[in-house]
Amino acid sequence: MRKYNLDMFPEPDVQKLYAPVGVLVINPLVNEPFGVFEAKAVRAKGLYHRWGRIGIVLVVLSTLFTVAEALVIPRIDGLRLMSAGMILLGVFGIAIQLYLLSARVKQTWLLNRFGAERVRSIKFQAFPLAATAASADDLTARVNAFYTAEITRLNMELNGGEAALSTFSSISAVKHLAASPAAANAAIFGAAEEAYRDLRFKYQISFAQGEIQALKDAARIVYTSSDLLYLLGAVLTVAALASKVAFGHDAEHLSHWIDFLAVASFIGGLSKTILDNASLSETSQTRYENYVQRLEEGDAELKADGAGFSMVVRRIERTALEELSEFCQQALRISYRL
């Protein structure tokens, strides 16, 4: 089972490995606000997707029953009561969709995800401070001052709500820390460089590649079922027309069943398209692939140019925040509405 956020909460052996820069590896000034944003984002995302899917299913069931009642369900005792029950299901499904919209659950999810990823970036933006720190105490003072100031600025920015997402600039969000011609403490600076490469650069690539593989595995099932639903609906539509032409009224009952199954297939296909779009699977895979490519190309380019640590951090953080902005813009367009 994959463990997430190991860059924010490294294992104990990793913390020991980078003990000289422990204030950068684990620091409550960033870990605590990150934990708050992360918990709210996970909770809101679960609420949005879980109830969004339930709402879609209820509306689809109500719709299918309405079609079936018109075409194939015989007039039996209790049909009126069943119809009333299915109407209530449909109304409940629509009420769920209206609740998610009015309560702005999606916006809550995205704003807190945005906050969590911004805090993650703030953590790693401080790593170049190791170049100017003469001692562990000096590094602690510099890092804590940086984190305190940047988290305060982030909270002020997030106070604007959704405007924080639409006006976000990855360039202005990455602070320019003055580069030092020579490290004040070689041991501290070397540990910071290694920790950044392992916890930020390598972790981000590993995380994105893991997500890409998971999305590819899921896509095989998604595309196959979507194609089958569309093909089944098309075949049944042709079959319904053929039975009406060939047998006329003699096959009316069979024709109605074929009509119902055709409509059910198309409704199922439409619903699945909505669910797939809301999951962002296809766009997420492309986004992660581009993200890995930009990280690797940027790293190669910086090495070729002999870029200093401060410039490397700015480039990687800017790339990470650009990916965050792309995610938020894509997610803002999804919905669980038929």
Going through the checks in order, is the side chain to side chain donor-acceptor pair (under 3.5 Å) test met by Gln293 and Glu289?
-> CA-CA 6 Å; Gln293 182 180 0; Glu289 289 171 344; over 6 Å; no
Heavy-atom side-chain proximity of Val312 to Phe201 below 4.5 angstrom = no
Where is the tightest heavy-atom contact between Lys3 and Tyr203, given as atom of each residue plus distance?
-> O-OH, 4.1 Å
Could you go through the side-chain contact (heavy atoms from CB on, under 4.5 Å) check for Glu194 and Leu17 one step at a time?
-> CA-CA 10 Å; Glu194 290 182 15; Leu17 180 63; over 6 Å; no
Close side-chain approach of Arg318 to Ile171, heavy-atom, < 4.5 Å = yes
How about Asp7 and Phe124: do any of their side-chain heavy atoms sit closer than 4.5 Å?
-> yes
What is the minimum heavy-atom distance between Cys328 and Leu110, and which atoms define it?
-> O-CD1, 4.1 Å
Atom OH of Tyr4: over 12 foreign heavy atoms under 6.0 Å = yes
Using the side-chain contact (heavy atoms from CB on, under 4.5 Å) rule, take Ile96 and Leu100 through it: C-alpha gap first, then chi angles, then the decisive distance, then the call.
-> CA-CA 6 Å; Ile96 288 174; Leu100 294 176; 4.3 Å; yes
Would you mind listing the cluster partners of Val91? Hydrophobic ones only (ILVMFWY), side-chain contacts under 4.5 Å, chaining allowed.
-> Ile87
Would you say Thr319's side chain and Leu295's backbone share a donor-acceptor pair under 3.5 angstrom?
-> no
Stepwise side-chain contact (heavy atoms from CB on, under 4.5 Å) check, Ile334 with Gln330 = CA-CA 7 Å; Ile334 67 174; Gln330 290 172 359; over 6 Å; no
Checking Thr148 side chain against Ala145 main chain: does a donor-acceptor pair fall under 3.5 Å?
-> no
Heavy atoms only: give me the nearest Phe37-Leu158 pair and the separation to one decimal.
-> CZ-CD1, 3.3 Å
Electrostatic pair Arg120:Glu117 at N-O distance under 4.0 angstrom = yes
Point-to-point distance, once rounded to the nearest 0.5 Å, from CG of Asn159 to CG of Asn155 | 9.0 Å
When you check the gap from the basic side-chain N to the acidic O, do Glu317 and Arg200 get nearer than 4.0 Å?
-> yes
Do the side chain of Asn185 and the main chain of Ile188 share a donor and acceptor less than 3.5 angstrom apart?
-> yes
Could you tell me whether Arg153 and Glu150 make a salt bridge, using a distance below 4.0 angstrom between a side-chain N and a carboxylate O?
-> yes
Basic-acidic side-chain contact under 4.0 Å: Arg294, Glu323 | no
Does one hydrophobic cluster hold both Leu6 and Val14, with members joined at side-chain heavy-atom distances below 4.5 Å?
-> yes
Spacing of Asn5 atom CG and Glu38 atom CD [to the nearest 0.5 Å] | 4.5 Å
Atom CD in Gln204, atom CD1 in Ile316: separation rounded to 0.5 Å?
-> 9.5 Å
Are Tyr99 and Leu47 side-chain neighbours, meaning at least one heavy-atom pair lies under 4.5 Å?
-> yes
When Ile, Leu, Val, Met, Phe, Trp and Tyr are grouped by side-chain heavy atoms lying under 4.5 Å apart, directly or through other members, which residues fall in the same group as Val36?
-> none
Look at the side chain of Asn27 and the backbone N and O of Leu29, then say whether any donor-acceptor pair between them is shorter than 3.5 Å.
-> yes
Here the gap from Glu326 atom CD to Leu324 atom CG, rounded to the nearest 0.5 Å, amounts to 9.5 Å
Within the distance-only criterion (no hydrogens, no angle test), does the side chain of Ser325 pair as donor or acceptor with the backbone N or O of Leu321 below 3.5 angstrom?
-> no
Checking Ser166 side chain against Ala163 main chain: does a donor-acceptor pair fall under 3.5 Å?
-> yes
Nearest heavy-atom neighbours spanning Phe146 and Ile122 = CE2-O, 3.6 Å
Quick check: does any side chain N or O of Lys106 sit under 3.5 Å from a backbone N or O of Leu101, one acting as donor and the other as acceptor?
-> no
Answer yes if Val42 and Tyr48 sit in the same cluster of Ile, Leu, Val, Met, Phe, Trp and Tyr residues linked by side chain heavy atoms under 4.5 Å apart, and no otherwise.
-> no
Evaluation steps, side-chain contact (heavy atoms from CB on, under 4.5 Å), between Leu177 and Gln125 = CA-CA 9 Å; Leu177 298 178; Gln125 286 181 43; 5.7 Å; no
Can you tell me how far the NZ atom of Lys45 sits from the OG1 atom of Thr108, to the nearest 0.5 Å?
-> 15.0 Å
Do Ser206 side-chain atoms and Lys202 backbone N/O form a donor-acceptor pair below 3.5 Å?
-> no
Nearest heavy-atom neighbours spanning Ala41 and Arg113 | CB-N, 3.6 Å
Any Ile54 side-chain heavy atom under 4.5 Å of Leu58 side chain = yes
Taking the six-membered ring for Trp, are the ring centroids of Tyr288 and Tyr291 within less than 6.0 Å of each other?
-> no
Test salt bridge (charged side-chain N to carboxylate O under 4.0 Å, His left out) on Arg197 and Asp299 and set out the steps.
-> CA-CA 10 Å; Arg197 179 156 288 275; Asp299 184 54; 2.7 Å; yes
Spacing of Ser310 atom OG and Arg315 atom CZ [to the nearest 0.5 Å] | 14.0 Å
Minimal non-hydrogen separation, Ile151 against Pro33, with atom names = CD1-CG, 4.3 Å
Side chain of Lys123, backbone of Val25: donor and acceptor closer than 3.5 Å?
-> yes
Following the transitive rule for hydrophobic clusters with a side-chain heavy-atom cut-off under 4.5 Å over Ile, Leu, Val, Met, Phe, Trp and Tyr, establish whether Leu88 and Leu61 coincide in one cluster.
-> no
